[in-house]
**Student:** 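Please find one structure pasted underneath; my questions will follow.
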Amino acid sequence: MAKPFEFELLHVCKQTGARRGRLHTPHGVIETPIYMPVGTQASVKTMSPDELKDCGAQIILSNTYHLHLRPGEELVRKAGGLHEFMHWDRPILTDSGGFQVFSLADLRKLTDAGVEFRSHLDGSKQFISPEISIGIQEALGSDIAMQFDECSPYPCDYTRARDAMYRTLRWLERCMKAKSRPDQALFGIVQGAFYSDLRIECAKEMAKLDLPGFGIGGLSVGEPKEVMYEMLEKMMPFMPEGKPRYLMGVGSPDCLIEGVLRGIDMFDCVLATRVARNGTVFTHDGRLVVRNAKYAEDFSPLDADCDCYACKNFTRAYIRHLFKAGEILALRLNSIHNIWFLTHMMDEIRAAIENDCLLDWANEFYARHGRGNW
RNA sequence: GUGGGUGUAGCUCAGUUGGUUAGAGUGCCAGGUUGUGGCCCUGGAGGCCGAGAGUUCGAGUCUCUUCACCCACC
């Protein structure tokens, strides 16, 4: 029997060095590399838990910041925890709220103590510290909690990036001290903006800590993809080999592939569900904006090579009609398809790693639509 | 038949005492979206201002004629 949060490194692709692993959690096993759909407010927008399972989702994300503001973690605790509350019996990972403070809250004051900011919901003054973030996440009862971190913007000058990186390290220690639930894992988050020396130092410091996994934060914040890939290559040798590496907030199909090729084990991203709700789907031939007029009389599925519920039963013309008519089913079908597309793409990637042929698989994947225009 | 009202973008309308290249919303078309503030953001196309004549340096705007539609009265 595996220990809680044990990460088994099952195989390393001889062709690429990509990793095939297995992460154990109280709510089940996660096969890696994996894409995790995002359900910020205890819901992957427009999708029911059953539909998520049908799409092959093994684990979903939820969010400390949003659930703290509404409905509040105490309510979730009374409901029996997040799993019970949202009727999801597979693993859940909660983001700490650090990124939300960086990306959407009206940031008031950032000190070593924590962050004081205004709620985006009602403007009320709020305060989150590493201890408070852990407290919220323990009340929510997620399987994996993320440390409260400071995410640097892009671009970011060296001094600010260095300060954010060291603060993130200090906050990680406080998160570890505040942590009390043995049935919840805590991941650190490597920061350091786009300075490889900061990234490497951060990774080295975190590697000294006995943690079940590590996030890589502060990437995919507006920089060119090549810049992100280069940063991953430089820092990856310093990430602990026996622990899962979670590239936060990534991404598009090509970014997932490139991430796996560089040693990433876990990804999450809102892109798939967000673009879905705005009329775009991923297909084996690239992105398809199904609301475009050219699909008005196209009675083929979104993606001919897809077995998802939307592709098996509905046409582009119908989904375009639903979209133009403002019907909610359009958002749902697009979301179902995009989640299916990424989870099954990762299935193929895992198989390719096991067969030591991920590079061949990637080249084949790119052959249809190209490498850079996703 | 008489009196009144309305005609401006596909649709609903704004347009000042007459004054640059006639606007908005919506719809249409096309991009965008990367640890989610769920119908979003950005851009584009689209007008002989019902038609004709007149006044004026200049008319969507003023005058006359005419056409269409609406309302009231007979």
Side-chain angles (χ1 to χ4, degrees), chain A residues 35-47 59-67 69-70 92-106 117-123 133 137 142 144-154 168 187-191 214-225 227-229 246-256 258-259 264 266-282 287-296 320 322-332 334-335 338 342 373-374:
Chain A
Y35 162 73
M36 308 181 283
V38 181
T40 301
Q41 310 201 64
S43 163
V44 176
K45 296 181 191 301
T46 80
M47 293 179 68
I59 170 176
I60 59 172
L61 252 73
S62 202
N63 191 272
T64 299
Y65 168 89
H66 290 279
L67 294 179
L69 294 183
R70 183 177 55 193
I92 297 175
L93 182 151
T94 43
D95 194 13
S96 64
F99 184 77
Q100 280 61 46
V101 168
F102 151 80
S103 70
L104 60 87
D106 205 5
F117 59 95
R118 289 196 177 276
S119 160
H120 70 275
L121 294 176
D122 61 5
S133 176
Q137 295 185 77
S142 54
I144 300 170
M146 299 304 297
Q147 78 152 111
F148 194 63
D149 63 335
E150 183 183 342
C151 183
S152 295
Y154 176 82
T168 296
F187 279 24
I189 301 177
V190 176
Q191 292 289 351
F214 298 91
I216 296 168
L219 296 182
S220 197
V221 287
E223 78 282 7
K225 289 177 180 178
V227 174
M228 177 174 81
Y229 298 154
Y246 161 30
L247 180 54
M248 306 181 76
V250 175
S252 54
D254 58 327
C255 285
L256 296 189
E258 297 303 315
I264 298 295
M266 303 165 69
F267 304 86
D268 81 282
C269 196
V270 304
L271 186 69
T273 41
R274 178 181 285 165
V275 301
R277 293 194 306 281
N278 289 320
T280 299
V281 289
F282 302 135
R287 287 195 188 198
L288 184 146
V289 184
V290 71
R291 68 177 133 83
N292 282 4
K294 60 181 168 182
Y295 303 120
R320 172 183 138 90
L322 292 180
F323 201 88
K324 303 301 282 187
E327 285 293 339
I328 293 168
L329 185 58
L331 317 189
R332 285 167 33 71
N334 276 3
S335 297
N338 275 355
L342 291 186
N373 46 352
W374 280 86

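Predicted, not measured: the structure shown is a model, and the values here were computed from it. Below, chain A is the first sequence line, B the second, and so on; all start at residue 1.
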**Student:** Looking at B:rG35, does its base get a donor-acceptor pair with the side chain of A:Asp149 below 3.5 Å?
**Tutor:**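 Per atom types, the contact qualifies.
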**Student:** Base, sugar-phosphate or nothing for A:Asp95? Non-hydrogen atoms, less than 4.0 Å.
**Tutor:**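 Counting heavy atoms under 4.0 Å across all strands, the contact made by A:Asp95 includes a base.
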**Student:** Tell me what A:Lys225 touches on the nucleic acid: a base, only sugar-phosphate, or nothing, going by heavy atoms under 4.0 Å.
**Tutor:**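 It contacts base atoms.
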**Student:** If you pin A:Leu61 and A:Ile328 to their nearest nucleotides in RNA chain B, which one's is more 5'?
**Tutor:**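 In this pair, the answer is A:Leu61.
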**Student:** Let me spell it out: for each of A:Ala293 and A:Arg277, pick the nucleotide of RNA chain B with the closest heavy atom. Which residue's pick is nearer the 5' end?
**Tutor:**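 Result of the comparison: A:Ala293.
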**Student:** Between B:rG31 and A:Asn292, is there an OP1 or OP2 to side-chain N/O distance shorter than 4.0 Å?
**Tutor:**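 The answer is yes; a side-chain N or O of A:Asn292 sits under 4.0 Å from OP1 or OP2.
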**Student:** Give the rounded distance in Å between these two atoms: CG of A:Asp254 and C1' of B:rU34.
**Tutor:**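 From A:Asp254 CG to B:rU34 C1': 10 Å.
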**Student:** What pair of heavy atoms forms the shortest contact from A:Gly218 to A:Cys151, and how long is it?
**Tutor:**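 Taking A:Gly218 first and A:Cys151 second, the nearest heavy atoms are CA-SG, 3.6 Å.
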**Student:** Tell me: CG of A:Asn334 to P of B:rG38, nearest whole Å?
**Tutor:**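 After rounding, the reported distance stands at 18 Å.
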**Student:** Would you indicate what A:Glu223 reaches in the nucleic acid, counting non-hydrogen atoms under 4.0 angstrom: base, sugar-phosphate, or nothing?
**Tutor:**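 The answer is nothing, as A:Glu223 stays clear of every strand by at least 4.0 Å.
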**Student:** With P as the reference atom in both, quote the distance from B:rG46 to B:rA22 in angstrom, rounded to an integer.
**Tutor:**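 The same atom, P, in both gives a distance of 13 Å.
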**Student:** What's the NZ-P distance between A:Lys294 and B:rG31, to the nearest Å?
**Tutor:**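 In whole Å, B:rG31 P and A:Lys294 NZ are 7 Å from each other.
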**Student:** Starting from C1' on B:rA30, measure out to CG on A:Leu288 and report it in whole angstrom.
**Tutor:**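 It works out to 14 Å between those atoms.
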**Student:** Where the side chain of A:Phe99 is concerned, which of B:rU34, B:rG35, B:rU33 is the nearest nucleotide?
**Tutor:**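 For A:Phe99, the side-chain atoms sit closest to B:rG35.
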**Student:** Would you mind reading off the distance between A:Leu271 atom CG and B:rC41 atom P, rounded to a whole angstrom?
**Tutor:**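 So the two atoms are 19 Å apart, to the nearest Å.
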**Student:** Which part of the nucleic acid does A:Arg291 contact within heavy-atom distance under 4.0 Å: base, sugar-phosphate only, or nothing?
**Tutor:**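 Contact class for A:Arg291: base.
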**Student:** Indicate, with yes or no, if the rings of A:Tyr295 and A:Phe323 have centres closer together than 6.0 Å.
**Tutor:**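 Distance test on ring centres: not under 6.0 Å, no.
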**Student:** Do the side-chain N or O atoms of A:Arg274 get closer than 4.0 angstrom to the phosphate oxygens (OP1, OP2) of B:rC40?
**Tutor:**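 It does not, given that no N or O in the side chain of A:Arg274 lies less than 4.0 Å from OP1 or OP2 of B:rC40.
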**Student:** Between A:Phe187 and A:Tyr246, how do the two ring planes meet: parallel, tilted or perpendicular, split at 30° and 60°?
**Tutor:**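 Perpendicular, since the angle between the ring planes exceeds 60°.
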**Student:** Looking only at atom C1', what distance separates B:rA30 and B:rU34, rounded to whole Å?
**Tutor:**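 Each nucleotide's C1' atom is 22 Å from the other's.
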**Student:** Nearest whole Å is fine: how far is B:rG35 P from A:Gln41 CD?
**Tutor:**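 Result: 14 Å.
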**Student:** Side chains of A:Gln137 and A:Thr94: donor-acceptor distance under 3.5 Å anywhere?
**Tutor:**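 The criterion, which ignores hydrogens and geometry beyond distance, is satisfied for A:Thr94 and A:Gln137.
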**Student:** Write down the distance between CG (A:Leu256) and P (B:rG35), rounded to a whole number of angstrom.
**Tutor:**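 In whole Å, B:rG35 P lies 12 Å from A:Leu256 CG.
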**Student:** For a quick test of reading the model: is some side-chain N or O of A:Arg287 closer than 4.0 Å to OP1 or OP2 of B:rU33?
**Tutor:**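 A:Arg287 to B:rU33 OP1/OP2: side-chain N or O found under 4.0 Å.
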**Student:** Ignoring backbone atoms, test whether A:Lys324 places a side-chain nitrogen or oxygen under 4.0 Å from the OP1 or OP2 oxygen of B:rU26.
**Tutor:**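 A:Lys324 to B:rU26 OP1/OP2: no side-chain N or O under 4.0 Å.
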**Student:** When we call it a touch if two heavy atoms are under 4.0 Å apart, what does A:Gly39 touch: a base, just sugar-phosphate, or nothing?
**Tutor:**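 Contact class for A:Gly39: none.
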**Student:** Identify whether any heavy atom of A:Thr280 sits under 4.0 Å from a base atom; if not, whether one sits that close to sugar-phosphate; answer base, sugar-phosphate or nothing.
**Tutor:**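 Counting heavy atoms under 4.0 Å across all strands, the contact made by A:Thr280 includes a base.
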